[in-house]
Every structure is written in structure tokens, then in C-alpha cells.
Amino acid sequence: MAADDTTFHLEIQGKKQIARGVLDASAALQLWSRLTRDGKPLSAGEPLVLDVSEAHVRGSVAVSVLSLLGERGVEVRGLTGDALAQVRQAGKAANTASAAGHKPEPGFFESVGRRVAGGIAGIGETLGFLGRLCVLFVRTAAGRERPEGFWKVFAQAGADAVPVTVLVGFLLGLILAFESSIPLQMFGAEVYVANLMGVAIFRELAVLVAAIVMAGRTASAFSAEIGTMVVDEEVDALRAMGMDPVARLALPRVLASGLALPLLSVFAGLSGLIGGCLVLMLYGYSLPIYVEHVLAFCKVKDVLLSLFKAAVFGLLIGGIGCHRGLLTGGGADAVGRATTAAVVSAIVVYALADGLFAILSAALGL
């Protein structure tokens with residue numbers, strides 16, 4: 001082999017091409033242009049034979065060109081030692097990359113199976129999170145666990161949410177009273193709007209307003225805060241220090257939301273009743289008459305049931321926000337996706353739980 005030659009030239013002997021000299025990057029590109037046209041070998045009949053036994057292959061470009069020529073039907077002969085190993089390795093890498101870039105689309109049953117497996121895994125993670133929370137609740141009630149930062153979170157989830165809750169509750173009560181008074185006005189029975197307000201506000205709408213505000217405001221905040229900590233690897237640091245992220249991050253937030261939602265529902269109910277009162281006062285009814293009709297249909301059990309529902313819904317909404325935050329994956333948009341999932345999941349779970357409460361209340365005669 002003429003390894004000492006500093007030039008490169010190609011000798012043609014029929015269908016056989018003999019390469020001599022140093023086959024470096026520039027020589028390899030020259031060889032490619034002479035043996036191929038538009039990426040295809042020039043010979044349409046029997047394959048071309050390239051003999052490189054008298055050439056010195058130098059550099060990754062030359063190795064890649066020889067590998068590509070071999071893939072396109074040119075028979076490369078004379079490779080030995082490191083050059084042969086490098087050309088074979090380049091061919092394997094190209095085949096692997098091509099296979100990875102052309103993965104077949106999963107079929108229908110495979111897609112369904114993946115979704116079912118992912119759903120089962122998600123249910124398992126959720127049950128594990130709920131079980132851990134229940135254990136922490138028992139330990140907290142027994143005085144063996146102290147939720148750090150509880151009052152700060154409670155102020156954020158409760159006191160800071162009072163203005164928007166009062167506003168939404170007032171507007172909803174105003175709209176409900178005005179819309180319900182239109183058909184009752186035909187019979188001169190506008191005063192019974194107060195009865196409707198008492199039942200609807202205390203049994204359903206007050207909790208509804210407070211839960212929606214908490215789902216959109218508090219659950220999203222919990223998910224974003226914890227999700228950011230997951231992305232920044234702060235949660236992994238807590239685990240490395242032997243701390244439980246559920247006890248450290250989720251427990252105070254879930255307890256705070258469970259205590260804040262009943263209080264927010266009280267503010268939403270009172271503001272809704274004030275909105276309904278303004279509508280009836282426009283029709284000429286006095287405040288004592290409005291209060292009398294509200295109390296005639298609103299019982300103590302309705303208020304207690306509403307507060308109990310609010311506490312359960314608060315625990316659910318807070319738990320969903322924290323759970324979605326802990327499940328945050330990597331990537332720039334991971335926190336945004338976790339926050340969106342927290343709000344949507346909280347609203348859906350609230351609707352399902354409210355339906356179950358309605359069925360149980362009807363079955364028990366409450």
C-alpha cells in the first residue's frame with residue numbers, strides 16, 4: 001500500500017477502480033463525485049469495485065464516504081485493520097439511526113394498551129398518595145405530626161381569596177334572584193324568590209362558588225409551587241435529606257384548603273343572599289320580609305351539610321393540586337401542564353363528589 005504518497009489518484013481498470021495515495025476528506029469527496037451521480041453509482045450493470053488496498057484512509061469523512069459507497073452498491077475491497085472496523089461501525093450507526101427515525105406507528109390495540117397501562121399506573125400512584133395523606137392526618141390528630149407553614153398557606157388559600165369569592169357570590173345571587181323573579185312576577189309571587197335563594201344558596205351555590213374559586217386559584221397555585229420545586233430538584237433534595245415531601249409540602253396545604261373552603265362558602269353564601277335581597281328590595285319588599293322567607297326554608301341541617309361538603313371538597317381540591325405538582329415531569333412546559341391538569345381534575349372531581357352527595361342526601365332524606 002502506498003501509504004507514503006501525499007497525493008491521491010484513481011486508476012480505472014474496467015469496472016475496477018484502484019485508489020492510490022492518501023484518502024483524506026478532500027480526496028473522499030472527489031471519489032464520491034467521480035463514482036456517483038445524484039447519490040447513485042454510475043454503473044447500471046454489474047457493481048463497481050473500489051480497491052483501496054493501496055490507499056491510506058485518513059479521517060472520519062473518508063470513512064463515512066466509503067461506508068456510503070458500500071451502502072449504494074459499490075464493492076469496497078482492500079480495507080484492513082482499523083479502517084475496516086471504522087467503516088463497519090459507521091454502517092451500523094447509520095442503520096441504527098435510520099431505524100430509530102422510522103419507527104412504525106403503534107397500532108390501535110397497542111395504543112389502547114398503553115393508555116390502559118398508564119391509567120392503571122396513575123390510579124396506583126393516586127391511591128398511594130391518598131394512603132400517605134390518611135396516615136399523616138391520623139398522626140397529626142394524635143399530635144405526632146406538625147404541618148409546618150400551615151397558617152401561612154391558610155392565609156393564602158383563605159383570607160386572600162375572600163374578595164373574589166364575595167364578588168362572585170354576590171353577582172351569582174343577583175343573577176339568580178333576577179332571573180327567577182321574572183316568571184314569578186307573572187303570578188305576583190316575587191317574594192318566594194327569597195325562599196328559593198335560601199335553599200339554593202346554602203345547599204349548593206355557596207359551596208359551588210367557593211370550590212370553583214379554590215380550584216382555579218388555590219389548586220393551580222399548589223401545583224405550580226410544588227411543580228417548580230420538582231423541576232428545580234428541590235423535592236429530590238428533600239428526599240435525599242430523609243424528609244417526606246408529602247408531609248413537608250402536601251400536608252399543610254391540604255389541611256389549609258380543607259379548613260378554608262367552609263369559611264369561603266360562608267362568605268359566598270352571605271354575599272349571594274345580599275345580592276338577592278337587593279333584587280327583592282327593587283320590587284318593594286323590605287329586609288325583614290326577605291329574612292323571614294329565607295329562614296322559613298333554610299334549616300340548620302342545610303347549613304351543616306353545606307359546611308361538611310365544603311370541608312370534604314376543600315380536602316379533595318387541595319390534595320389534587322399537590323398531587324399534580326408532585327407528578328410534574330421535566331421540560332420547560334411541565335409546570336404549565338401540571339397546573340392545567342390540577343384545575344381540570346379539581347373541577348371534575350368536585351362535580352363527581354357533589355353528585356354523590358346529592359344522591360346520598362336524597363337517599364337519607366336530608
Side-chain angles (χ1 to χ4, degrees), residues 119-120 122-138 140-141 165 168-169 172-173 175-177 179-180 183-184 189 192-216 218-219 254-273 276 291-323 342-366:
I120 294 175
I123 292 174
E125 292 177 353
T126 303
L127 292 177
F129 177 77
L130 291 177
R132 181 59 183 157
L133 273 182
C134 291
V135 172
L136 291 173
F137 287 159
V138 174
T140 302
T165 303
V168 175
L172 187 61
I175 295 170
L176 177 63
E179 294 293 337
S180 60
L184 292 176
Y192 291 105
V193 171
N195 302 62
L196 174 64
M197 294 293 295
V199 176
I201 290 292
F202 280 108
R203 288 187 67 95
E204 192 65 38
L205 294 181
V207 182
L208 172 65
V209 170
I212 291 177
V213 170
M214 178 166 283
T218 306
V254 174
L255 291 177
S257 58
L259 180 60
L261 190 57
L263 300 178
L264 290 177
S265 65
V266 171
F267 283 101
L270 293 177
S271 61
L273 290 178
V291 174
E292 179 182 353
H293 279 264
V294 168
L295 296 179
F297 272 69
C298 182
K299 308 298 182 182
V300 176
K301 66 176 184 179
D302 297 327
V303 177
L304 295 178
L305 178 61
S306 176
L307 294 177
F308 177 73
K309 286 168 54 177
V312 174
F313 296 158
L315 294 175
L316 290 174
I317 292 172
I320 289 171
C322 296
H323 183 51
V343 175
V344 174
S345 301
I347 294 176
V348 171
V349 169
Y350 163 77
L352 293 175
D354 195 26
L356 292 177
F357 267 105
I359 295 173
L360 290 175
S361 298
L364 299 175
L366 299 177

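What you are looking at is a predicted structure, and each value in this text was computed from that prediction instead of being measured. When reading the values below, keep in mind they use all heavy atoms of this one structure, side chains included, and skip hydrogens, waters and symmetry mates.
For F267, the CZ atom counts as loosely surrounded, since its 6.0 Å shell holds 12 or fewer non-hydrogen atoms of other residues, nucleotides or ligands.
The distance from atom CD1 of I201 to atom OG of S271, rounded to the nearest 0.5 Å, is 7.5 Å. With rounding to the nearest 0.5 angstrom, the CE atom of M197 is 6.0 Å from the CG atom of L273. The CG atom of L205 sits 9.5 Å away from the CD1 atom of I212 when rounded to the nearest 0.5 Å.
Here the closest non-hydrogen pair linking A215 and V343 is O-CG2, 3.6 Å. Here the closest non-hydrogen pair linking Y350 and L208 is OH-CA, 3.2 Å. Closest approach of V209 to G169, counting heavy atoms only: CG1-N, 3.9 Å. The two residues A200 and L176 make their nearest non-hydrogen contact at CB-CD2, 4.1 Å. When all heavy atoms of L261 and G314 are compared, the closest pair comes out as CD2-N, 3.2 Å. When all heavy atoms are compared, the tightest approach of V254 to C322 is CG2-SG, 4.2 Å.
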Query - L305/F202 under side-chain contact (heavy atoms from CB on, under 4.5 Å): CA gap, chis, key distance, verdict - result: CA-CA 9 Å; L305 178 61; F202 280 108; over 6 Å; no
**Report entry** Derivation of the side-chain contact (heavy atoms from CB on, under 4.5 Å) call for V213 and L264
**Finding:** CA-CA 9 Å; V213 170; L264 290 177; 5.5 Å; no
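Proximity of a side-chain donor or acceptor of S306 to a complementary backbone N or O of V303 within less than 3.5 Å is not detected.
With a 4.5 Å cut-off on side-chain heavy atoms, L307 and V266 count as touching. Looking only at side-chain heavy atoms (C-beta outward), V135 and V138 stay at 4.5 Å or farther from each other. Here the side chains of L255 and F137 are in contact, with some heavy-atom distance below 4.5 Å. V348 places a side-chain heavy atom less than 4.5 Å from the side chain of L352.
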